[in-house]
Amino acid sequence: MKTLYIVIPCYNEEEVIDETTKRIKIKINQLIESGKITNDSRILYVDDGSKDKTWEKISTIHDHDEKFIGVKLTRNRGHQNALLAGLMTAKQYADIIISMDADLQDDINAIDAFIDAYYSGSDIVYGVRKKREKDSFFKRFTAEMFYKFMLMMGVDLVYNHADYRLMSKRALDDLEQFGEVNLFLRGLVPLVGYKSSIVYYERNERFAGESKYPLKKMLAFAFEGITSFSIKPIRLILLVSVIMFTISMIIIAYSVYRYLIGATVSGWAFLNISIWLVAGIQTLLLGIVGEYVGKIYNETKHRPRFLIETILKR
Ligand code: UDP
Ligand code: MG
């Protein structure tokens with residue numbers, strides 16, 4: 001039997017945390033009774049520098065029930081960092097770690113399927129939303145655009161998967177080796193590898209409180225995802241520069257031709273060639289510099305070059 005930790009980042013969630021606690025308590029007790037997880041399984045709340053009574057509530061919950069434990073960050077560091085803090089804490093004590101949101105938008109009944117998938121050999125189990133009927137049209141549309149755009153930009157994501165997932169301890173040990181500061185977990189987890197599987201679930205509405213991801217934060221998040229994972233935008237500079245350079249060459253040839261047949265006013269060819277020559281060379285050089293910047297960017301991430309799953313040795 002394995003020990004399960006459920007990691008829940010919370011930012012100003014005083015309105016939802018009691019209800020969440022109530023429902024998760026039932027779930028975890030069920031799992032323990034059915035013999036799927038050990039009795040030292042825990043729920044770990046991470047307080048991401050909340051400005052309301054979230055931490056006080058977490059402390060009270062912990063006082064009443066040792067199954068609920070908490071970590072408090074010194075200040076608000078954002079969902080991804082709070083989640084990582086929780087995962088890295090949990091993996092010290094657990095074999096299986098599940099991350100989910102505090103608002104219970106993600107159906108907690110999917111946890112059973114998560115754990116079954118783990119016991120069938122998956123180190124990573126992705127929760128994927130079946131439909132987005134419950135979300136507003138706007139949220140649905142922007143979210144779909146987000147995934148499509150990310151794929152276009154070369155970021156490998158599991159479609160419609162947010163941060164509701166199970167990871168084994170060893171997968172998290174590997175994740176820890178990714179040294180990047182700009183964190184986009186959804187993009188990183190697939191890079192860890194191992195056998196993974198998908199569990200589909202219904203996504204509900206937030207039952208209280210407001211989304212901590214308004215449009216502005218969502219856009220910032222998408223931009224973060226792209227710029228943390230892909231040098232495609234830099235490649236675009238190179239592409240543009242090659243096109244620019246080609247156009248320059250054509251216009252220069254044309255100017256020379258006009259000059260040779262004497263169809264120009266004095267100085268026209270010189271000026272025209274100067275402008276296009278300088279512009280063409282500059283953009284080309286910028287594109288080349290961009291390639292190196294892209295390389296430096298990849299090097300500074302210090303991502304592991306490989307991760308070993310098993311060694312056969314006597
Ligand atoms: N969250 C956090 N720090 C933040 C913003 C959000 O820890 O700076 C938590 C929040 O408490 C919730 C989860 O991240 O548990 C997801 O946030 P939310 O439900 O508001 O996002 P949405 O579901 O609307 O995308
Ligand atoms: Mg939510």
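In listed order, ligands and their atoms are each counted from 1. None of the values given here were measured: they were computed from a predicted structure.
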> Which residues and atoms, counting only protein N, O or S, are under 2.8 Å from the Mg ion (ligand 2)?
Replying inline: Asp103 OD2, Gln105 OE1

Whether [Y] and [X] form a salt bridge (side-chain N of Lys/Arg under 4.0 Å from carboxylate O of Asp/Glu) is what I want to check.
| X | Y | answer |
| --- | --- | --- |
| Asp116 | Lys36 | yes |
| Glu180 | Lys301 | yes |
| Lys195 | Asp123 | no |

> In order of chain and number, which residues sit within 4.0 Å of ligand 1 by heavy atom?
Replying inline: Pro9, Cys10, Tyr11, Glu13, Asp48, Asn76, Gly78, His79, Asp101, Ala102, Asp103, Gln105, Lys139, Arg203, Arg206, Ser211, Lys212, Tyr213, Lys217

List, one per line, each side-chain donor-acceptor pair under 3.5 Å for residues 84-101, sequence neighbours excluded.
from	atom 1	to	atom 2	distance (Å)
Thr89	OG1	Ala85	O	2.6
Lys91	NZ	Asp173	OD1	2.7
Lys91	NZ	Glu176	OE1	3.0
Gln92	NE2	Met88	O	3.3
Asp95	OD2	Thr3	N	2.8
Ser99	OG	Asp163	O	2.8

Counting only heavy atoms from other residues, nucleotides and ligands, does the tally under 6.0 Å from [atom1] of [X] exceed 12?
| X | atom1 | value |
| --- | --- | --- |
| Lys27 | NZ | yes |
| Tyr292 | OH | no |
| Arg170 | CZ | yes |

> Hey, does the Lys NZ or Arg CZ of Arg165 hover above the aromatic six-ring of Tyr201, less than 6.0 Å from the centre and inside 45° of the axis?
Replying inline: no

Identify all side-chain donor-acceptor contacts of residues 270-282 below 3.5 Å with residues at least two apart in sequence or on another chain.
from	atom 1	to	atom 2	distance (Å)
Asn272	ND2	Ser255	OG	3.0
Ser274	OG	Phe270	O	2.6

